[in-house]
Peer 1: 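Sending over a structure as structure tokens; questions will come in a sec.
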Amino acid sequence: MGSTFNNYGENGDAANDTFTSYGTNTNNPQNNFRNYGTLGSSATESFKGYREQSNVGDDNFDSYGKNSNAGKIDFVNYGKSFNEGTDKFTGYGKKGDSTNSSPTVDFKIYGVNNTFKEYAKEGAATFSTYENKTSAEEASLAAVNGRKVNKWVVEPGKFFREAMLKTGTVMPMPDIRDKMPKRSFLPRAIVSKLPFSTSKLAELKKIFHAGDDADSSMAKMLTDALHECERAPSPGETKRCVASIEDMIDFATTVLGRNVVVRTTANTEGHGGDILIGEVKGVNGGKVTRSVSCHQSLYPYLLYYCHSVPKVRVYEADILDPNTKSKINHGVAICHLDTSSWSPGHGSFVLLGSGPGKIEVCHWIFENDMTWAVAD
């Protein structure tokens, strides 16, 4: 599926174009928009909910709103394909001369894999709430927005059966790359002095210069993280949000004891293609065990959501290139043996074709996520 839009709204006066829910629920849609709203006066261009629930897909927007006078361009809730696609924005909102007012460009609730080049640098562009689902979030997702989910919208290899973790298996590797912004832990001495609760939200907004309006991306970031950290644990779950390495170690050792080892997948090699499983080793002798997994949360400084769930098995596996048989990665995977409390619409059941409590579900530990276990 593909659409191309060239030079529309060009030189228009108060033009108004709206694109709503296009490319929705399709397989790999391709849309190109070039030179629209160029040299226009007070034009309004709106793009809402496009490519939602689609499989991959690519949209290109070139030189839109360029040299326009006081134009307004809104991108809302776009590119949230279940399997990540790519959105490229080039030369948008660029002002030609001092006689024109810079156009306003808003990006709200957009997916991963976005490229923004040569945009208005005078503050005319605003960005709100990009989404980066980690393995932990995927592993706790219920049905997607209450809608029917087709098999092709779950990335191959995102979830797999325990039997796949054996030498000689060829299987797809999902995109395990970390797409969060680069941040650092704070020393515990500093973290302990910062408020961290919804009851202190007003104080947090002042500290991080977050606006009070509903469109404030910083305010939403703070609120979302605090709500996730303060929600009641799931059945059998022990959880804690940590913002220092000391707090992370303390939580892991409180749950597992002091003799612990932390593991993560070595790198991101092999993602997006097929891999060959080499030597496999079960942590703790491959016995059913308890682990503490830690996954990043979006917050102004580095914050991890750490939790422990019972009845898991943890594995280490050499990952080989299926063609050359050379080692390219060393992966860490966790298998959840009790899925009885998971939603029937969970992506793993969509992909693997089963239901809650009927099968075990495994997934890789993604880049910069980690899992702790009792040392062998």
Peer 1: Go through the steps for Ile275 and Met171 under the test side-chain contact (heavy atoms from CB on, under 4.5 Å), then give the verdict.
Peer 2: CA-CA 6 Å; Ile275 56 171; Met171 61 188 291; 3.9 Å; yes

Peer 1: Quick one: closest heavy-atom pair of Thr371 and Ser293, and the distance?
Peer 2: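 In this case the closest contact between Thr371 and Ser293 is OG1-OG, 3.2 Å.
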
Peer 1: Has Glu360 got a side-chain atom pairing as donor or acceptor with Arg161's backbone, closer than 3.5 angstrom?
Peer 2: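 Absent.
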
Peer 1: Any idea which heavy atoms bring Met218 and Pro300 closest together, and the distance?
Peer 2: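 Answer, listing the atom of Met218 first, then Pro300: SD-CG, 3.8 Å.
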
Peer 1: Tell me if a side-chain donor or acceptor on Thr167 pairs with a main-chain N or O of Gly278 at a distance below 3.5 Å.
Peer 2: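 Yes, the answer is positive, given that a donor and an acceptor are paired below the 3.5 Å cut-off.
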
Peer 1: Which pair of non-hydrogen atoms, one from His307 and one from Glu237, has the smallest distance, and what is that distance?
Peer 2: ND1-OE2, 3.0 Å

Peer 1: So does Ser348 get a backbone contact from the side chain of His346, meaning a donor-acceptor N/O pair under 3.5 Å?
Peer 2: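 Side chain of His346 to backbone of Ser348: a pair is present.
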
Peer 1: Evaluate whether the separation between SG of Cys241 and SG of Cys306 stays below 2.5 angstrom.
Peer 2: no

Peer 1: For residues Tyr301 and Ser184, determine if any side-chain heavy atom of one lies less than 4.5 Å from a side-chain heavy atom of the other.
Peer 2: no

Peer 1: Dump the intermediate steps for side-chain contact (heavy atoms from CB on, under 4.5 Å) on Val242 and Tyr305, then the final yes or no.
Peer 2: CA-CA 7 Å; Val242 299; Tyr305 175 90; over 6 Å; no

Peer 1: Does this structure show an ion pair linking Asp247 with Arg240, if we count only N-O contacts that are shorter than 4.0 Å?
Peer 2: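 Salt bridge flag = yes for Arg240 with Asp247.
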
Peer 1: Keeping the roles fixed (side chain from Glu367, backbone from Asp178), state whether a donor-acceptor pair exists under 3.5 Å.
Peer 2: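 Yes; judged by distance alone, with no hydrogens or angles, the pair exists.
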
Peer 1: Tell me whether Met248 is reachable from Leu186 by hopping between hydrophobic residues (I, L, V, M, F, W, Y) whose side-chain heavy atoms are closer than 4.5 Å.
Peer 2: no

Peer 1: Is a salt bridge present between Arg188 and Asp250, judged by a nitrogen-to-oxygen distance below 4.0 Å?
Peer 2: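 Result for this pair is yes, salt bridge flagged.
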
Peer 1: List the steps and the verdict of side-chain contact (heavy atoms from CB on, under 4.5 Å) for Val361 and Trp342.
Peer 2: CA-CA 11 Å; Val361 173; Trp342 294 19; 3.8 Å; yes

Peer 1: Mark yes or no for whether Thr253, through its side chain, and Arg258, through its backbone, hold a donor-acceptor pair below 3.5 Å.
Peer 2: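 Absent.
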
Peer 1: Taking atom CD of Glu279 as the centre, report whether more than 12 heavy atoms of other residues, nucleotides or ligands fall under 6.0 Å from it.
Peer 2: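 Atom CD in Glu279 is not packed in, count stays at 12 or less.
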
Peer 1: For Cys229, is there any backbone N or O sitting under 3.5 Å from a side-chain donor or acceptor partner on Arg231?
Peer 2: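 The answer is no, because no donor-acceptor pair under 3.5 Å joins these two groups.
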
Peer 1: Are Phe366 and Ile328 co-members of a hydrophobic cluster defined by side-chain heavy atoms under 4.5 Å apart?
Peer 2: yes

Peer 1: Is it possible for you to say whether Val283 and Val260 belong to one hydrophobic cluster, with membership spreading through side-chain heavy-atom contacts below 4.5 Å?
Peer 2: no

Peer 1: Roughly how far apart are Ile190 CD1 and Phe185 CZ, rounded to 0.5 Å?
Peer 2: 13.5 Å

Peer 1: Between Leu351 and Glu155, what is the shortest heavy-atom contact and its length?
Peer 2: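 Closest heavy-atom pair between Leu351 and Glu155: CD2-O, 3.9 Å.
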
Peer 1: Between Asp376 (side chain) and Asn284 (backbone), is there a donor-acceptor pair under 3.5 Å?
Peer 2: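 Confirmed, Asp376 side chain pairs with Asn284 backbone.
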
Peer 1: Per the side chain to side chain donor-acceptor pair (under 3.5 Å) rule, which among Asp318, Asn267, Asp321, Thr268 passes with Asn329?
Peer 2: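 Exactly one pass, corresponding to Asn267.
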
Peer 1: To check you understand the geometry: which heavy-atom pair defines the closest contact between Ser291 and Ser308, and what is its length?
Peer 2: O-OG, 2.9 Å

Peer 1: Anything under 30° is parallel, anything over 60° is perpendicular, the rest tilted; go ahead and classify Phe159 against His363.
Peer 2: perpendicular

Peer 1: Got a donor-acceptor contact below 3.5 angstrom from the Asp338 side chain to the Ser340 backbone?
Peer 2: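 Present.
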
Peer 1: Which heavy atom of His336 sits nearest to which heavy atom of Val312, and what is that distance?
Peer 2: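 Taking His336 first and Val312 second, the nearest heavy atoms are ND1-CG1, 4.1 Å.
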
Peer 1: Gln296 side chain to Leu303 main-chain N or O, any donor-acceptor pair under 3.5 Å?
Peer 2: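 No, the answer is negative, given that no donor and acceptor are paired below the 3.5 Å cut-off.
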
Peer 1: Is the backbone of Pro356 close enough, under 3.5 Å, to the side chain of Thr339 for a donor and an acceptor to pair up by distance?
Peer 2: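 Not a single qualifying donor-acceptor pair exists.
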
Peer 1: Over 60° means perpendicular and under 30° means parallel, so classify the ring planes of Tyr299 and Phe196, tilted if in between.
Peer 2: perpendicular

Peer 1: Could you give the distance from OG1 (Thr223) to NZ (Lys205), rounded to the nearest 0.5 Å?
Peer 2: 5.5 Å

Peer 1: Do Phe251 and Trp372 have their ring centres less than 6.0 Å from each other?
Peer 2: no

